[in-house]
Number of protein chains: 2
Amino acid sequence: MNNACSQHAHPHRLVQQPLTELTDRLRAGSRKVTGQREAILDVLRRHASPLTNREIHAALGKNDCDLATIYRNMHTLTSMGLVKRFDFGDGAARFELLTDASDHHHHHLVCNQCSAIVEIEDCFPTEYEEALAKRHGFTAVTHRLEFFGTCPRCQKSTAAVDPTIARPS
Amino acid sequence: MNNACSQHAHPHRLVQQPLTELTDRLRAGSRKVTGQREAILDVLRRHASPLTNREIHAALGKNDCDLATIYRNMHTLTSMGLVKRFDFGDGAARFELLTDASDHHHHHLVCNQCSAIVEIEDCFPTEYEEALAKRHGFTAVTHRLEFFGTCPRCQKSTAAVDPTIARPS
DNA sequence: TCGCCTGCTGCAATCGGTTTGCAGCCTGAT
DNA sequence: ATCAGGCTGCAAACCGATTGCAGCAGGCGA
């Protein structure tokens with residue numbers, strides 16, 4: 001139960017890339033490392049938590065770029081290996097850039113009330129995932145795993161919210 | 001690695017309910033078991049896979065009800081314990097009704113290409129989740145876990161799709 | 001150097017899932 | 001019978017995301 005995760009063992013999946021490899025891949029594919037893309041990556045590098053398109057847009061200064069172009073650039077960067085996450089409960093995609101060269105796979109623990117995000121090293125065990133894939137005849141099996149709960153601060157400050165509308169399935 | 005899942009052990013979370021308990025709860029809360037709600041639950045009961053609001057709407061016959069009312073009713077039913085799932089990769093919520101009285105928790109394995117859904121019994125181990133919660137000071141921790149891959153049929157019929165846009169994070 | 005091709009960008013429109021305001025209806029309690 | 005509250009249909013709006021279009025910029029060959 002550590003960061004040994006099948007998502008990284010599978011040959012079909014691009015390994016999450018630090019900044020320099022992303023820009024190298026852009027160049028290798030006759031795409032350009034434009035100022036906006038550099039700025040996007042810089043914003044991601046300076047933030048510990050994954051950011052939404054809107055948050056990136058705001059961080060760049062709303063006047064300097066178009067939100068639609070951010071969406072397009074995030075799509076491009078994702079195809080270069082940037083990690084896109086969908087699993088924070090609000091339906092918005094988030095993007096995450098690793099700043100060191102290590103293959104630092106992780107999941108997240110999200111506070112149901114204040115949306116605080118904590119990085120988690122726990123992961124679904126590879127051997128179980130492989131057995132699962134074999135059992136059902138699937139290949140290229142990956143998973144999404146996110147945790148939700150009440151963070152220490154919200155435990156103190158808030159009465160319990162209605163548990164029936166908790167987001168995790 | 002079975003269906004022992006912390007989501008059910010936690011006292012704050014409503015246990016997933018079969019049809020009769022949902023209707024009982026409606027009545028207990030001075031809500032009504034209207035014809036439309038009965039029809040919705042009947043549709044869910046007859047389908048093995050979780051359904052979206054639109055699918056339920058279509059199954060009911062588009063002329064007989066309003067989509068907005070379906071959304072409202074699904075919200076109501078969810079607050080009564082019906083299980084709502086967000087994790088099938090297309091951004092649409094899905095609803096699931098258990099037809100037997102057993103506490104039959106499960107997750108899903110979704111085909112990236114044809115969206116086929118397979119119920120699976122594997123779950124993130126409770127003891128790890130509890131340790132995780134304690135380690136970070138969170139309470140009421142639950143999780144979302146979904147698996148994605150290529151189903152046997154799509155392995156035969158389709159060339160590999162671009163792995164860089166695979167949906168799981 | 002001149003075009004030309006390709007990719008990038010801003011703008012506006014659009015789409016799909018979801019929510020909400022409003023008015024009318026039905027039902028159960030007083 | 002009356003009244004309040006919940007339910008419903010309709011229309012509009014919201015939000016994340018995508019797309020068509022036109023203009024622009026940079027690289028490359030003639």
Side-chain angles (χ1 to χ4, degrees), chain A residues 22-41 43 50-80 82 84-95 115 162 165 167 169, chain B residues 22-41 43 50-80 82 84-95 115 162 165 167 169:
Chain A
L22 286 177
T23 54
D24 287 350
R25 284 193 183 174
L26 281 172
R27 279 184 270 259
S30 79
R31 320 299 293 273
K32 292 165 192 169
V33 184
T34 63
Q36 189 174 113
R37 287 178 184 163
E38 279 185 331
I40 288 171
L41 292 172
V43 165
L51 297 180
T52 64
N53 287 283
R54 265 211 153 61
E55 288 165 346
I56 294 167
H57 186 224
L60 289 180
K62 295 181 197 297
N63 302 325
D64 298 343
C65 59
D66 186 72
L67 184 56
T69 307
I70 304 263
Y71 275 96
R72 271 187 284 238
N73 277 331
M74 298 323 289
H75 184 81
T76 300
L77 290 170
T78 301
S79 74
M80 300 289 149
L82 184 70
K84 182 177 186 178
R85 295 180 172 271
F86 295 77
D87 309 321
F88 295 84
D90 59 358
R94 281 176 169 76
F95 300 89
S115 295
D162 182 356
I165 56 170
R167 293 168 301 181
S169 54
Chain B
L22 286 177
T23 54
D24 287 350
R25 285 191 182 174
L26 281 172
R27 279 184 270 260
S30 80
R31 322 298 294 274
K32 291 164 194 169
V33 184
T34 64
Q36 189 174 116
R37 285 179 185 162
E38 280 185 331
I40 288 171
L41 292 172
V43 165
L51 298 179
T52 65
N53 287 284
R54 265 210 154 62
E55 289 164 345
I56 294 168
H57 186 224
L60 289 180
K62 296 181 197 297
N63 302 325
D64 299 343
C65 59
D66 187 73
L67 184 55
T69 308
I70 305 264
Y71 275 94
R72 272 187 283 236
N73 276 331
M74 299 323 289
H75 184 81
T76 301
L77 290 170
T78 300
S79 75
M80 299 291 149
L82 183 70
K84 183 178 185 179
R85 295 178 173 271
F86 295 76
D87 310 321
F88 295 84
D90 60 358
R94 279 176 172 75
F95 301 90
S115 295
D162 183 358
I165 57 171
R167 293 169 301 182
S169 55

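To find a chain, count down the sequence lines: A is the first, B the second, and so on, and within it residues start at 1.
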Approximate separation, where rounding is to 0.5 Å, of [X] [atom1] and [Y] [atom2]:
| X | Y | atom1 | atom2 | value |
| --- | --- | --- | --- | --- |
| A:Tyr71 | A:His57 | OH | NE2 | 10.0 Å |
| B:Glu38 | B:Thr23 | CD | OG1 | 8.0 Å |
| A:His75 | A:Thr69 | NE2 | OG1 | 14.0 Å |
| A:Thr76 | A:Leu82 | OG1 | CG | 11.0 Å |

Between atom [atom1] in [X] and atom [atom2] in [N], what is the gap in whole Å?
| X | N | atom1 | atom2 | answer |
| --- | --- | --- | --- | --- |
| A:Arg37 | C:dT9 | CZ | C1' | 10 Å |
| B:Arg31 | C:dG28 | CZ | P | 15 Å |
| B:Met74 | C:dT19 | CE | P | 12 Å |
| B:Leu60 | D:dC7 | CG | P | 17 Å |
| B:Ile70 | D:dC10 | CD1 | C1' | 15 Å |

Which atom pair, heavy atoms only, marks the closest approach of [X] to [Y]?
| X | Y | result |
| --- | --- | --- |
| B:Pro50 | B:Glu55 | O-OE1, 4.0 Å |
| A:Gln36 | A:Cys65 | NE2-CB, 3.3 Å |
| B:Leu22 | B:Leu41 | CD1-CD2, 3.8 Å |

Once you build an axis from the first five pairs and another from the last five of the helix from C:dT1-D:dA30 to C:dT30-D:dA1, how far apart in angle are they, to 10 degrees?
-> 0°
Take B:Asn73 and B:Ile56, measure what side-chain contact (heavy atoms from CB on, under 4.5 Å) needs, and give me the verdict at the end.
-> CA-CA 11 Å; B:Asn73 276 331; B:Ile56 294 168; over 6 Å; no
Heavy-atom protein contacts under 4.0 Å, nucleotides 14-30 of chain D, coded B base, S sugar-phosphate only, - none = --SBBBB----------
Short side-chain N/O contact from A:Asn73 to OP1 or OP2 of C:dC8, under 4.0 Å = no
